[in-house]
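Shown next, in structure tokens, is the structure this report addresses.
What's counted below: heavy atoms across the whole structure, side chains too, no hydrogens, waters or symmetry copies. These numbers come from a predicted model, not from an experiment. Letters go in sequence order (proteins before strands), and every chain restarts at 1.
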There are 2 protein chains.
Amino acid sequence: MTEVRATERSPRSGARLGAESGGEADTRTRIQQVALELFTQNGYEATSLREIAEHLGVTKAALYYHFRTKDEIIESLVEDRLAKIEELIAWAAAEPHTLETRREFLRRYADLLHEQGHHTLMRFFERNQSSMTQHKAGVMMRGRMIQMLDLLSARDAPLPEQIRCSLAIFALHSTWFTVRDPDVTDEQRREAALDVALGLIE
Amino acid sequence: MTEVRATERSPRSGARLGAESGGEADTRTRIQQVALELFTQNGYEATSLREIAEHLGVTKAALYYHFRTKDEIIESLVEDRLAKIEELIAWAAAEPHTLETRREFLRRYADLLHEQGHHTLMRFFERNQSSMTQHKAGVMMRGRMIQMLDLLSARDAPLPEQIRCSLAIFALHSTWFTVRDPDVTDEQRREAALDVALGLIE
DNA sequence: GTCTATAAAATGATAGAC
DNA sequence: GTCTATCATTTTATAGAC
């Protein structure tokens, strides 16, 4: 039973619409975008709220109107995405545990990753794993990743198989330093990564 | 041509012996060990020198006797390891560009990783990629990783092949969240990872 | 080689005006 | 919804005694 904050004094409510309306983003959404970009580029802890505010052309205080803490920026980004992942996990858990289910699971996860900014969010987590162990959002996300891994390979499966399954997920997330050719489109990378991932779970 | 500091006033010299003598480590080495552990666990930026000092039972000032800056701790860890990698790259570059060379390259890199703490160092880099883009050591290491990737696959190779080669290297580094079973030994993991990596470069 | 003490700057966060 | 001003804390780093 979680406490309900009835005395909310700002737009900081639980679930939010985000940037799905295609037009110019509101401040809250712009904060999320800029913050995620800077966090991914330079590191979560290394990026100060001052920096974020400067990039947006506002003051720190303005950020604090939209988010109570620095953590909450990440948490807000994770919230809805986490729900989507949980949905996908629930789907797979209810299906028969066949190879075809695992394949379809990867396909759906690949789709999920390319909705809105989920791909960039996972990239952020990959690049900030150490920081994220100390933050709720990171612990939550890691928990889901392990659940996903459990769906792909049993805990007593041969070690190489387990590694291949980890890599399958990682392949989808990562542009790691795969990105030597800057002309490759997101769509091409997505397709290639899914191809590799599917090959890894055979 | 790099500047030579002739007026060195402390043990901060270029190349050092490190922990290769099996006995109890000197302070400098203990700082390196503890720092790397905390950096990997909690994040580079999130780990303060105060924390490191406390874990060692000394004061911050003592750290500054051994390392001029926080950066220098990482740099000192990277120095000799970087040389080893460069050596390996030079070897591979001189060999004929065959599949067997690439295989042997991975085997040798896997060996390298399990000398001393190289494995833990790469784990640190994997988990702190974002922070490290802002630090010299990180930029250097990333450069070497890209060189390694160039040895494994041409820049105009099909995208899936490129991805598989990235994953091959990553598989060796990573215990990612592969580590669901805590009873698996390092040696087992190493062998399994090499197995997977070799399969990926076919 | 390690300590005490402290400087100088930056950071996350808040109060209150507009 | 954004601003100015400010606080409390922490951080990296240094000076100088022992």
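The phosphate of D/dT2 has OP1 or OP2 within less than 4.0 Å of a side-chain N or O from A/T27. In terms of phosphate contacts, B/T59 brings a side-chain nitrogen or oxygen within less than 4.0 Å of OP1 or OP2 of C/dC3.
Not a single ring pair (Phe, Tyr, Trp, His ring centres under 6.0 Å) links A/H55 to another residue, sequence neighbours left out. Applying the salt bridge (Lys or Arg N to Asp or Glu O under 4.0 Å) criterion to A/K60, with sequence neighbours excluded, gives no partner residue. Residues satisfying the side chain to side chain donor-acceptor pair (under 3.5 Å) criterion with A/T40, sequence neighbours excluded, are absent altogether. Taking the side chain to side chain donor-acceptor pair (under 3.5 Å) definition, one finds that A/E54 meets it with A/R50, sequence neighbours left out.
Distance CG (A/D26) to P (D/dT2): 9 Å, rounded to an integer number of Å. Between B/Y65 atom OH and C/dG1 atom P the separation is 4 Å, expressed in whole Å. Going from atom CD of B/E51 over to atom C1' of D/dT10 covers 11 Å, rounded to whole Å. When rounded to the nearest whole Å, the span between CZ of B/F67 and P of D/dT11 equals 20 Å. In this structure, B/L63 places its CG atom 12 Å from C1' of C/dC3, rounding to the nearest Å. Whole-Å rounding puts the B/I52 CD1 to D/dT10 P distance at 17 Å.
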Tabulate below the donor-acceptor pairs under 3.5 Å that side-chain atoms of residues 146-155 of chain B make, not counting sequence neighbours, or state none.
{"unit_1": "B/Q147", "atom_1": "OE1", "unit_2": "B/R144", "atom_2": "NH1", "d": "2.7"}
{"unit_1": "B/D150", "atom_1": "OD1", "unit_2": "A/R180", "atom_2": "NH1", "d": "2.6"}
{"unit_1": "B/D150", "atom_1": "OD1", "unit_2": "B/R155", "atom_2": "NE", "d": "3.2"}
{"unit_1": "B/D150", "atom_1": "OD2", "unit_2": "B/R155", "atom_2": "NH2", "d": "3.2"}
{"unit_1": "B/S153", "atom_1": "OG", "unit_2": "A/R180", "atom_2": "NH2", "d": "2.9"}

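Checked against the 6.0 Å centroid criterion, the rings of B/Y109 and B/H173 qualify as a close aromatic pair.
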Expected rows: protein N/O vs nucleotides 12-14 of chain D N/O, under 3.5 Å:
{"unit_1": "D/dT12", "atom_1": "OP1", "unit_2": "B/K70", "atom_2": "NZ", "d": "3.3"}
{"unit_1": "D/dT12", "atom_1": "OP2", "unit_2": "B/L49", "atom_2": "N", "d": "3.1"}
{"unit_1": "D/dT12", "atom_1": "O4", "unit_2": "B/K60", "atom_2": "NZ", "d": "3.4"}
{"unit_1": "D/dA13", "atom_1": "OP2", "unit_2": "B/Y64", "atom_2": "OH", "d": "3.3"}
{"unit_1": "D/dA13", "atom_1": "OP2", "unit_2": "B/K70", "atom_2": "N", "d": "3.2"}
{"unit_1": "D/dA13", "atom_1": "N6", "unit_2": "B/K60", "atom_2": "NZ", "d": "3.0"}

